[in-house]
Amino acid sequence: MISKAVIEANNLAGNKGLDHLREILQNEAPHLLEERQKKERRVGLPELSNAEKGKVVLRFAPNPNGPLSFGHARGIVINGSYAKKFEGELILRFDDTDTSVKPPLLEAYQQIPKEAEWLLGFPPHRIVIASDRMEHYYEYAQKMLSDGFGYVCTCSAESFREFRVAKSECPCRIQEMSTNIDMWQKMLDGTFKPGDAVVRVKTGMELKNPALRDWPALRIQDTETNPHPREEIGSKYRVWPLLDFQSAVEDHLQGVTHIIRGKDLMDSTRKQTLLYQHFGWNYPETMYWGRVKVHEWGGFSTSQMRRDIEAGLFEGWDDPRLPTISALKGRGITSEALRQFWIELGVTQKDISVPLATLYSHNTKQIDDDAPRISFVRNPFKIEITGEHENSVTTSVHPNHDSMGIRTFDVSNNSIFIEKEDSDKPKLRLKEFADFDMDGNSAKFISKARSDKRPIVHWISESDCHKAKLIYPNNEEILTIDGVLENHEYESGTMVQVERIGYGILIDSSTIMFTHD
RNA sequence: GCUCGUAUAGUGUAGUGGCCCAUCAUAAAGGACUCUCAUUCCUUUGACCCGGGUUCAAAUCCCGGUACGAGCACCA
């Protein structure tokens with residue numbers, strides 16, 4: 001029936017042309033034609049399901065075991081952008097419940113909120129520190145035990161692994177509720193030592209996904225010999241929640257509506273959903289992104305960076321070779337470029353590998369309009385200029401923006417620098433100045449106007465420059481290129497465009513950190 | 001091993017059954033403009049993992065395969 005009609009219509013189109021069909025539609029069903037408008041390409045973030053303006057609560061929960069890195073920026077930018085878009089809230093939460101494997105770094109508690117604000121353009125609406133919220137976690141742990149959907153398990157990790165694989169229940173699972181409460185007290189009071197006992201959630205040992213079977217919720221840490229780095233916490237608690245429990249309870253307490261995180265935490269969602277069912281709560285909407293690698297960096301981890309810094313391989317967290325937020329900021333990457341970069345990548349579950357060129361192109365767009373042009377001569381080669389040339393040369397600070405002013409070079413003493421590499425060109429044009437013919441370390445004036453297509457090179461007059469260096473962070477090492485820099489009065493932190501070289505940021509009046517081409 | 005997820009140009013990304021001989025960006029190549037190897041602009045090259053199926057119609061739905069990734073921690 002339909003097929004017949006379609007064939008008929010197709011024949012009609014074939015015989016009399018599409019316009020004929022349009023005419024018929026125009027007469028009989030004009031609304032169908034309106035839908036033929038080409039759909040707009042979606043730009044920016046994908047839709048957020050079940051999101052109501054003003055009622056969206058998102059969170060970003062890093063472990064403060066170091067300052068933020070490039071990868072963290074994704075969590076901040078994506079969650080923060082949704083919070084902004086829906087006029088909701090972004091919670092910055094410190095998941096600092098591990099004191100031995102990934103111990104928190106005290107400085108990070110100060111640094112992360114600042115970096116988050118820089119990235120977002122606004123401060124997070126709430127800051128929550130898990131280690132301040134221990135009483136809440138204890139409360140729900142107890143409820144879990146007294147309501148019978150949690151138990152204290154004294155099996156070793158190894159033997160429980162066997163139960164998990166075999167889909168069989170461990171002996172602790174059938175303990176009386178009162179026994180569990182009793183053992184919970186022994187966890188708290190120190191009768192049990194680290195490794196002796198954990199609290200587990202009863203999710204079911206027969207679950208087909210082994211990751212979900214009676215997962216551990218709280219464990220004991222030796223905070224006597226290994227205290228929590230926050231002084232106010234220190235050795236105060238022995239029993240600590242694991243991520244899945246802490247995060248699940250805290251998300252509920254904070255009223256989180258949407259969780260957007262890496263897809264490596266998909267099983268966390270499933271574990272936590274089972275816990276939510278026990279408590280009778282509704283799990284937030286979730287979205288995931290895949291793994292990101294950067295061509296130039298490969299993988300990187302905060303823990304590894306911390307070890308390398310402590311081993312003296314890097315100067316600190318802001319070492320320009322490191323993929324940290326502070327390093328990128330110090331190298332002249334703008335927060336707007338980082339935001340656009342992450343939003344462009346979107347929230348897909350694909351594992352991707354991106355080149356830094358993508359980030360750099362966003363950054364160029366941000367900085368070029370405001371970056372004053374400046375002349376830096378690498379490996380300076382001094383030449384004497386001869387002939388009837390003018391005594392001073394002026395050029396613009398920015399070729400596209402006259403309003404940024406002019407630069408003036410005094411060439412009355414005939415002494416200028418060009419790059420060593422340019423010195424073997426027999427004929428060259430000193431940019432904005434004049435054509436010269438080279439002869440060893442002197443150059444003869446030919447004409448002010450361009451006389452031919454000789455290469456244009458940048459230069460600096462000796463009287464208007466000072467010794468300077470260009471810092472060029474490479475993958476492994478930091479190259480320093482000596483040279484002379486045009487005199488200027490820009491403040492440290494100014495982004496400049498170094499003529500014929502690329503963009504850079506002024507570290508001080510005679511040091512430029514190379515940003516990118 | 002068990003479980004889960006993903007697969008569109010070199011790299012990212014749009015696309016949720018007919019607007020798709022597939023979008024946009026970036027990269028590459030060429031060109032215009034320009035007294036920077038900058039910026040801006042134009043052009044070109046270039047992709048639906050494979051095999052079945054459903055349907056009048058599949059990048060889109062289903063099944064199988066392959067590849068890659070993740071979880072199965074008393075880490076986050």
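Just so we're clear, the structure is a prediction, and the values are computed from it rather than from any experiment. Chain letters run A, B, ... following the sequence lines, proteins first, then strands; residues in each count from 1.
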Inset, instruction - Apply side-chain hydrogen bond (donor to acceptor under 3.5 Å, both in side chains) to Asn50(A) and list each qualifying residue two or more places apart in sequence or on a separate chain. - result: Glu285(A)
Please tabulate, for the side chains in residues 425-437 of chain A, all donor-acceptor contacts under 3.5 angstrom to protein atoms that are two or more places apart in sequence or on a different chain.
unit_1	atom_1	unit_2	atom_2	d
Lys425(A)	NZ	Asp422(A)	OD1	2.6
Arg429(A)	NH1	Asp435(A)	OD1	2.8
Arg429(A)	NH1	Lys448(A)	O	3.1
Arg429(A)	NH2	Lys448(A)	O	2.8
Lys431(A)	NZ	Glu499(A)	OE2	3.1
Glu432(A)	OE2	Thr395(A)	OG1	3.3
Asp435(A)	OD2	Ser451(A)	N	2.7
Asp435(A)	OD2	Ser451(A)	OG	2.6
Asp437(A)	OD1	Arg454(A)	NH1	2.9
Asp437(A)	OD1	Arg454(A)	NH2	3.4

Would you tabulate the pairs of protein nitrogen or oxygen atoms and nucleotide nitrogen or oxygen atoms of nucleotides 61-66 of chain B closer than 3.5 angstrom?
none

Inset, instruction - Enumerate the residue pairs fulfilling salt bridge (charged side-chain N to carboxylate O under 4.0 Å, His left out) with a member in residues 92-106 of chain A, sequence neighbours excluded, ordered by first and then second residue. - result: Arg93(A)-Asp95(A), Arg93(A)-Asp251(A), Asp98(A)-Arg219(A)
Inset, instruction - Determine, for nucleotides 67-72 of chain B in 5'-to-3' order, which nucleotides have protein heavy atoms under 4.0 Å from the base (write B), from only the sugar-phosphate (write S), or from neither (write -). - result: --SSBB
N/O-N/O pairs, protein side and nucleotides 29-31 of chain B side, under 3.5 Å:
none

Inset, instruction - For Ser353(A), report the nucleic acid contact type (base, sugar-phosphate, nothing); a contact means any heavy atom under 4.0 Å. - result: sugar-phosphate
Could you list all N or O pairs between the protein and nucleotides 7-9 of chain B that sit under 3.5 Å apart?
unit_1	atom_1	unit_2	atom_2	d
U8(B)	OP2	Lys350(A)	NZ	2.4

Inset, instruction - Give the ring-plane orientation class for Phe409(A) versus Trp459(A), where under 30° counts as parallel, over 60° as perpendicular and anything between as tilted. - result: tilted
Shorter than 3.5 Å, N or O on both sides, protein versus nucleotides 35-43 of chain B: list them out with atom names.
unit_1	atom_1	unit_2	atom_2	d
C35(B)	O2	Arg429(A)	NE	2.6
C35(B)	O2	Glu432(A)	N	2.9
C35(B)	N3	Arg429(A)	NE	2.9
C35(B)	N3	Arg429(A)	NH2	2.3
C35(B)	N4	Arg429(A)	NH2	2.7
U36(B)	O2	Arg500(A)	N	2.8
U36(B)	N3	Gln497(A)	OE1	2.9
U36(B)	O4	Arg373(A)	NE	2.4
U36(B)	O4	Arg373(A)	NH2	3.0
C37(B)	N4	Arg500(A)	NH2	2.9
A38(B)	O4'	Gln497(A)	NE2	3.2
A38(B)	O2'	Asp368(A)	OD1	3.4
A38(B)	O2'	Tyr503(A)	OH	2.3
A38(B)	N3	Arg373(A)	NH2	2.9
U39(B)	O4'	Asp368(A)	OD2	3.4
U39(B)	O2'	Asp368(A)	OD2	3.3
U39(B)	O2	Asn400(A)	ND2	3.3

Inset, instruction - Assign the ring pair His72(A) / Phe60(A) to parallel, tilted or perpendicular, where the plane angle (0 to 90°) is split at 30° and 60°. - result: perpendicular
Legend entry - By side-chain hydrogen bond (donor to acceptor under 3.5 Å, both in side chains) - contacts of Ser159(A) (at least two apart): Ser156(A)
Legend entry - Secondary structure of RNA chain B in dot-bracket form (Watson-Crick or G-U wobble, distances below 3.5 Å, | marking inter-strand pairs): (((((((..(((.....[.....))).(((((.......)))))....(((((..]....))))))))))))....
Legend entry - Arg200(A) charged N/C atom sitting above Phe160(A) aromatic ring, 6.0 Å / 45°: yes
Inset, instruction - Please list, chain by chain and in numerical order, all residues satisfying side-chain hydrogen bond (donor to acceptor under 3.5 Å, both in side chains) with Asp369(A), sequence neighbours excluded. - result: His401(A)
Inset, instruction - Not counting sequence neighbours, which residues clear side chain to side chain contact (heavy atoms under 4.5 Å, CB included) with Glu162(A)? List them please. - result: none
